[in-house]
Protein chains: 2
Amino acid sequence: MDTTSKLTAAAERLFDRHGYVATGMDRLTAAAGMSSRTLYKHAGSKAQLMARVLTERDQRFMARLEVQSVDALFAALEDWVRVEGTRGCLFLRSRAETGGDTPEIAEAVAAHKASFHRRIAEVVVADLGRENSVLTEQVLVLLEGATHAAVYRGADAVSAARAAAAILIERARP
Amino acid sequence: MDTTSKLTAAAERLFDRHGYVATGMDRLTAAAGMSSRTLYKHAGSKAQLMARVLTERDQRFMARLEVQSVDALFAALEDWVRVEGTRGCLFLRSRAETGGDTPEIAEAVAAHKASFHRRIAEVVVADLGRENSVLTEQVLVLLEGATHAAVYRGADAVSAARAAAAILIERARP
DNA sequence: TGAAATGTAAAATGATCGTTTTACATTGCA
DNA sequence: TGCAATGTAAAACGATCATTTTACATTTCA
């Protein structure tokens, strides 16, 4: 495991568990096992490090959503929360923590949410055989809601969302 | 407007817009128009101030959810985001920012989310004539999802959630 | 009338912030 | 062999953090 990915992995863990602003660079260097000089050579700045964390996380998350049915989207989310835990959406949290005032972070979040919406629209088309923007919005709301409700309601929130989506899909089918 | 409520109002605004950790006490004193000595006499500490902000916000939010139908819950949320804007749930954000390690905050968040769930269950009973824990969970997911999806999708997310809830309610009716 | 309460302004506290720098060791490659 | 790259350890940077303290002004009310 090379220096850069060791750093990104440690940063993701700390930012996700303790928050972006509250995580100091000394904690980061200690967790990544490197000097601050090396950290800054690889990361540039704290904000750039967070942006890289978000971009990598986006790729990892979106890879799991390469499915052909709406139900499989929720199955993928169930897997995700099993592996990553339930702390809400790191993208929205990062942007909220910085008030949207950190460009690198705001851009990474916007890019991720655009991909997320696009993917859901594609899956709805694959599942339903045609576009349906309202259903797409509803599936997005259910996925976002499951992610955040799971923080305090646990995995039940995801399965309830999955069942709700199944009903909406069935009703929309020709 | 007395000192305490002027402070709480200013604190809610800053914490909500710029984040809890990122908001310094000097910014708070400037916005509230008082010295730090007075601020600490009234607030105790930054964490206690945030806890008081959350408790007041909980009362203000829950007062709007004193309705008799699931559809009215979503109408109330539409009103809420029109007035308060769309920055996600301040309760979940506060807890995430502090990693759950600040007891005053964690307790205020837990209390709010318990009330929130309880209220939804009550409204489902009032609307449906009987308990339905799965439907309750689904309505909670839709409300939570609308709140967070609205951050980047706008008010459309709330109306899509409202329509989805109407379908689920109709299907569950005897 | 006078003491208690409530406020302000501003400095000081010690810690921690993100970032840069200085000085030195190890590696890979021409 | 020697230079460029890549690393470490640790100190220093000035700024800012939450909180307390010192010194003083105003209001409230018995």
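In the text below, chain A, chain B and the rest are named by the order of the sequence lines, each starting its count at 1.
When rounded to the nearest whole Å, the span between CE of Met50(A) and P of dT19(C) equals 14 Å. Here dA9(D) presents its P atom at 13 Å from CG of Leu39(A), a figure rounded to the nearest Å. Straight-line distance from the CE atom of Met25(A) to the P atom of dT21(C): 15 Å, rounded to whole Å. When the C1' atom of dT21(D) is taken as reference, atom NZ of Lys41(B) falls 12 Å away, rounded to whole Å. Atom CD1 in Ile105(A) sits about 12 Å away from atom P in dG18(C), given to the nearest Å. Taking atom NZ of Lys46(A) as the reference point, atom C1' of dT19(C) lies 12 Å away to the nearest angstrom. Atoms CD (Gln48(A)) and C1' (dG18(C)) sit 13 Å apart, rounded to a whole Å. One atom, CG of Asp26(B), and another, P of dA18(D), lie 7 Å apart when rounded to the nearest Å.
Between Tyr20(A) and Arg37(A), the one whose closest nucleotide on DNA chain C sits nearer the 5' end is Tyr20(A).
Contact between the side-chain N/O atoms of Thr3(A) and the OP1/OP2 oxygens of dG7(D) is found at a separation under 4.0 Å. Dashed line: the shortest gap from a side-chain N or O of His42(B) to OP1 or OP2 of dG7(C) is under 4.0 Å.
Here Arg60(A) contributes atom CZ and Leu65(A) contributes atom CG; the two are 12.5 Å apart, rounded to the nearest 0.5 Å.
Checking Thr38(B) against Ser35(B) by side-chain atom types alone, a donor-acceptor pair falls below 3.5 Å. A donor-acceptor contact closer than 3.5 angstrom links the side chains of Tyr152(B) and Glu144(A). No hydrogens or angles considered: nothing links the side chains of Asp101(A) and Thr98(A) as a donor-acceptor pair under 3.5 Å.
At a cut-off of 3.5 angstrom, the base of dT20(C) holds at least one donor-acceptor pair with the side chain of Ser36(A).
Here the nucleotide nearest the side chain of Ser35(A), chosen from dA9(D), dG18(C), dT22(D), is dA9(D).
Note that Lys46(B) lies in the cation-pi zone of Tyr20(B), set by a 6.0 Å cut-off to the ring centre and a 45° limit from the axis.
Backbone-only engagement by Gly33(B) is indicated by non-hydrogen atom pairs under 4.0 Å involving sugar-phosphate atoms exclusively. No engagement by Thr29(A) is indicated, since no non-hydrogen atom pair under 4.0 Å with the nucleic acid exists.
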